[in-house]
Novice: 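My questions will all concern the structure given below.
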Number of protein chains: 2
Amino acid sequence: MSIIRNFDKKLRSVGLRPTRQRLDICEVLFDRKETFHFTIDDLRKILKTKLHTKISIATIYNTINSFKHKGYIKEISLNSEKTYFDTNVTNHHHFYNETTNELIDFHDSDVEQLKLRKNLPGKKIKSIEVLVKVANK
Amino acid sequence: MSIIRNFDKKLRSVGLRPTRQRLDICEVLFDRKETFHFTIDDLRKILKTKLHTKISIATIYNTINSFKHKGYIKEISLNSEKTYFDTNVTNHHHFYNETTNELIDFHDSDVEQLKLRKNLPGKKIKSIEVLVKVANK
DNA sequence: AAGCACTTTAGAATCGTTCTAATATATTGA
DNA sequence: TCAATATATTAGAACGATTCTAAAGTGCTT
């Protein structure tokens, strides 16, 4: 059972046709052990240089937006010029290195007791994200 | 001692000349009891409709960027099309209502034990921000 | 009041992202 | 297998927030 086959299923199961472009993007995003943080431009460069595949910028945006809506990736809440995405969709948080623009994961278990004392009546909590900004000493 | 006088001092103390434009912007941002969350466009509208003052968009951006660098306001880490600023520069966090795009403060004391177990050698922590995304039920 | 530094301004430029509508590809059903 | 239909891709235009440019205006010092 090839990886391609898996991605094929992964796409079909959420109603997306497994096109060459989407399979290539899956390969970059999901064929790896570690969490992957990326911008659209990062992804575009990897597709070009590592996979030698040319996908139009519109398709890259379309695909990434689909994947986000389907829950395969998530957008990181962070104010930078570019939007960062994360292939790790589990509950976790980030260090953001302002010197290098690098993102590093940390897990719920790395924070003590993230319990809110305040609640908002009539609202439901969608997510809780912690962002720790750091700089090189 | 007028408010204008105070803003005059506030500006001079960080090396900014108290121009009409900057004083008008100070009035909108700082002449209020509550925390103020705003986008550039919010500010522009208030200047126009409430103060009946016309300030070029370039000046609004320049001033807000100066105020940010001087520590009089801060930018909120949040991925939305527009950048949000906050006149509350103390340690605190935000609820972001995705239904209404509204921001609501909550304080350090509203979160239990925000202590990190993980640390990054060779880095210094600049800020810790918690963002709780909510939606209307 | 003159001179200099700083500030404001309109409009152009930039850049990330989305839109458009024409072309191509995948899927379905006969 | 071969249309017919639905979905996807694409180049390039458009958009929108923000920054840049360089010319004109203002505030401050002497």
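Residue numbers begin at 1 in each chain, while the letters A, B, ... track the order of the sequences.
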Novice: Could you name each residue pair satisfying salt bridge (charged side-chain N to carboxylate O under 4.0 Å, His left out) that touches residues 62-80 of chain B, not counting sequence neighbours?
Specialist: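 Pairs touching residues 62-80 of chain B that pass the test: Lys68(B)-Glu75(B).
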Novice: Base contacts versus sugar-phosphate-only contacts with protein, heavy atoms under 4.0 Å: please encode nucleotides 23-30 of chain D as B, S and - from 5' to 3'.
Specialist: ----BS--
Novice: Tell me, please, the opening and closing nucleotides of DNA chain C, 5' to 3', among those with an atom under 4.0 angstrom from a non-hydrogen atom of chain B.
Specialist: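 In short, chain B contacts DNA chain C from dA5(C) to dA10(C).
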Novice: According to salt bridge (charged side-chain N to carboxylate O under 4.0 Å, His left out), does anything in residues 79-96 of chain A pair up with another residue at least two apart or in another chain? List the pairs.
Specialist: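 As it turns out, the salt bridge (charged side-chain N to carboxylate O under 4.0 Å, His left out) pairs with a partner in residues 79-96 of chain A, which skip direct neighbours, are Asp41(A)-Lys82(A).
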Novice: Could you pull out all residues at least two apart from Phe36(A) that satisfy ring-ring contact (aromatic ring centres under 6.0 Å, His included)?
Specialist: Phe38(A)
Novice: Partners of Thr19(B) by side chain to side chain contact (heavy atoms under 4.5 Å, CB included), sequence neighbours excluded?
Specialist: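 Listed in chain order: Arg17(B), Gln21(B), Arg22(B).
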Novice: Using the test side chain to side chain contact (heavy atoms under 4.5 Å, CB included), find all partners of Tyr61(B) that sit at least two apart in sequence or belong to another chain.
Specialist: Ile40(B), Ile57(B)
Novice: In whole Å, I'd like the distance from the CZ atom of Arg22(A) to the C1' atom of dA8(D).
Specialist: 6 Å
Novice: Can you pull out the residues from residues 42-76 of chain B that lie within a 4.0 Å heavy-atom distance of DNA chain D?
Specialist: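 Those residues are Ala58(B), Tyr61(B), Asn65(B).
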Novice: Can you list every pair that meets salt bridge (charged side-chain N to carboxylate O under 4.0 Å, His left out) and has a residue in residues 92-104 of chain B, with sequence neighbours left out?
Specialist: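 Found none.
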Novice: Not counting sequence neighbours, which residues clear salt bridge (Lys or Arg N to Asp or Glu O under 4.0 Å) with Lys123(A)? List them please.
Specialist: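 Testing Lys123(A) for salt bridge (Lys or Arg N to Asp or Glu O under 4.0 Å), a comparison that skips the adjacent residues, returns none.
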Novice: Between Phe30(B) and Phe7(B), how do the two ring planes meet: parallel, tilted or perpendicular, split at 30° and 60°?
Specialist: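 Tilted: the ring planes of Phe30(B) and Phe7(B) meet at 30° to 60°.
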Novice: Sequence neighbours left out, what passes side-chain hydrogen bond (donor to acceptor under 3.5 Å, both in side chains) with Arg32(A)? Give chain and number order.
Specialist: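 Applying side-chain hydrogen bond (donor to acceptor under 3.5 Å, both in side chains) to Arg32(A) gives none.
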Novice: Rest of the hydrophobic cluster containing Leu131(B) (Ile/Leu/Val/Met/Phe/Trp/Tyr, side-chain heavy atoms under 4.5 Å)?
Specialist: Ile76(B), Leu78(B), Tyr84(B), Tyr96(B), Leu103(B)
